[in-house]
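The analysis underlying the following values was restricted to heavy atoms, covering all of them including side chains, and did not include hydrogens, waters or symmetry mates. Numbers here simply count residues along the sequence, with the first being 1. What you see is a predicted model, and the numbers here were worked out from it, not measured in a lab. Each ligand, and each atom within it, is numbered from 1 in the order the structure gives.
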Amino acid sequence: MNDQHVPVPEDPTIPRSSRRIIVLSAPSGAGKTTIAHRLLEDHPGWKFSVSATTRPRRPNEVDGRDYYFLTVEEFRRRIAHDDLVEWEEIYGNLYGTLKSEVARQLLADEGSRVIFDVDVKGAHAIRNAFPHEAFLIFVAPPSFDELVRRLRSRQTESDESIQRRVERAEMEMGMQNGFDTVIVNDRVDRAVEEIETLLGQ
Ligand code: 5GP
């Protein structure tokens with residue numbers, strides 16, 4: 001396991017309006033993927049950092065757009081080659097940010113921002129890697145009950161998967177420290193607006 005996820009505090013001397021790496025972290029079911037899509041719609045120049053994973057592709061997902069879907073062997077090979085900024089094992093699958101993806105997205109357009117959708121530990125690892133660029137947002141559900149309700153209403157997860165996500169969510173809800181802001185996702189429009197204001201958009 002990598003050990004780069006010790007929280008590093010935000011450097012207040014670097015204006016938030018100049019940070020190009022926007023990291024969204026949340027317990028599963030808090031709605032961060034919806035928020036990420038909305039931010040990308042509102043700001044056509046912004047990019048999405050496509051992570052690598054060994055989790056099976058869901059029917060609505062596209063390889064190279066939502067994730068790079070790798071075999072466990074390929075993912076392990078990438079770790080051995082030091083190809084990843086950070087990686088984690090989550091719900092029994094491997095997830096990680098490829099160095100090549102960050103370089104591709106950040107260098108593609110020097111003025112644009114890149115959105116990362118990673119777990120809470122991944123967020124801190126990204127701050128470690130890019131201390132001047134990263135802005136860390138923790139997306140919280142309005143309540144834990146609401147989070148469980150949203151997870152149950154998903155059609156894509158098995159009962160076992162939902163149970164694992166609820167258990168992990170308890171741990172993640174306790175890891176909000178070290179994030180630059182906590183946004184409560186009571187309504188997507190409002191949450192997106194709050195983020196845009198914080199980023200000076
Ligand atoms: P899901 O299976 O629902 O797509 O994602 C499960 C969890 O993995 C989410 O919390 C998501 O943010 C996280 N995740 C996705 N990509 C990465 C990554 O590259 N690194 C880390 N650390 N977590 C990731």
Side-chain angles (χ1 to χ4, degrees), residues 1-8 21-37 39-40 47-70 72 74-76 78-79 82-106 114-130 134 136-141 147-148 150-176 178-179 182-183 185:
M1 221 16 100
N2 63 65
D3 57 358
Q4 297 193 314
H5 43 67
V6 180
V8 177
I21 292 180
I22 313 303
V23 185
L24 294 175
S25 275
S28 191
K32 72 174 176 302
T33 307
T34 312
I35 290 180
H37 286 150
L39 286 167
L40 289 165
K47 312 275 192 290
F48 180 69
S49 168
V50 181
S51 294
T53 186
T54 61
R55 139 162 108 54
R57 190 174 65 78
R58 294 175 186 147
N60 56 337
E61 290 178 328
V62 176
D63 188 26
R65 183 193 70 185
D66 300 287
Y67 280 106
Y68 297 111
F69 294 97
L70 305 183
V72 175
E74 175 65 9
F75 200 104
R76 296 249 172 240
R78 297 299 195 110
I79 295 172
D82 199 23
D83 288 346
L84 295 154
V85 177
E86 58 81 36
W87 62 276
E88 281 296 323
E89 184 171 341
I90 305 169
Y91 318 124
N93 296 307
L94 300 169
Y95 293 82
T97 306
L98 291 164
K99 289 181 181 172
S100 56
E101 176 70 8
V102 180
R104 186 172 78 85
Q105 299 289 35
L106 278 181
V114 184
I115 297 191
F116 289 66
D117 173 342
V118 298
D119 84 314
V120 286
K121 293 179 183 167
H124 298 306
I126 288 169
R127 163 105 79 212
N128 266 294
F130 307 100
L136 270 49
I137 302 173
F138 186 94
V139 179
L147 183 83
V148 175
R150 287 182 194 174
L151 276 174
R152 294 223 168 99
S153 70
R154 275 190 186 176
Q155 304 296 308
T156 49
E157 307 307 321
S158 64
D159 286 351
E160 191 202 336
S161 164
I162 291 171
Q163 188 52 36
R164 272 193 293 186
R165 283 165 190 264
V166 170
E167 280 164 19
R168 190 177 169 92
E170 284 179 346
M171 176 276 281
E172 289 175 322
M173 287 295 284
M175 291 185 65
Q176 301 174 28
F179 279 79
V182 175
I183 303 285
N185 186 18

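Remark: distances from the non-hydrogen atoms of K121 to ligand 1 are all 4.0 Å or more. For the ligand labelled ligand 1, residue E172 lies outside the 4.0 Å heavy-atom shell. Ligand 1 has at least one atom lying under 4.0 Å from a heavy atom of Y67.
In summary, the atoms of ligand 1 found under 4.0 Å from a heavy atom of R55, numbered by their order in the structure, are 1 (P), 2 (O), 4 (O). Ligand 1 places these atoms under 4.0 Å from at least one heavy atom of K32: 9 (C), 10 (O), 11 (C), 12 (O). With ligand atoms numbered from 1 in the order given, ligand 1 contributes 6 (C) to contacts under 4.0 Å with heavy atoms of Y91.
Taking distance alone, with nitrogen or oxygen atoms compared against 3.5 Å, S51 approaches ligand 1 more closely than that limit. In terms of polar-atom proximity, defined here as any N/O pair under 3.5 Å, A52 makes no such contact with ligand 1. Considering backbone and side-chain N/O of Y95, one or more are found under 3.5 Å from N/O of ligand 1.
With a 6.0 Å cutoff to the six-membered ring centre and a 45° limit on the axis angle, R165 counts as a cation-pi contact of Y91.
In this structure, N185 contributes its side chain and A30 its backbone to a donor-acceptor pair below 3.5 Å. Of the possible donor and acceptor atoms, none in the side chain of Q176 sits under 3.5 Å from a partner among the backbone N and O of F138.
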For E89 and Y95, run side-chain hydrogen bond (donor to acceptor under 3.5 Å, both in side chains): C-alpha distance rounded to whole Å, both residues' side-chain angles, the deciding distance at 0.1 Å, then the answer.
-> CA-CA 6 Å; E89 184 171 341; Y95 293 82; over 6 Å; no
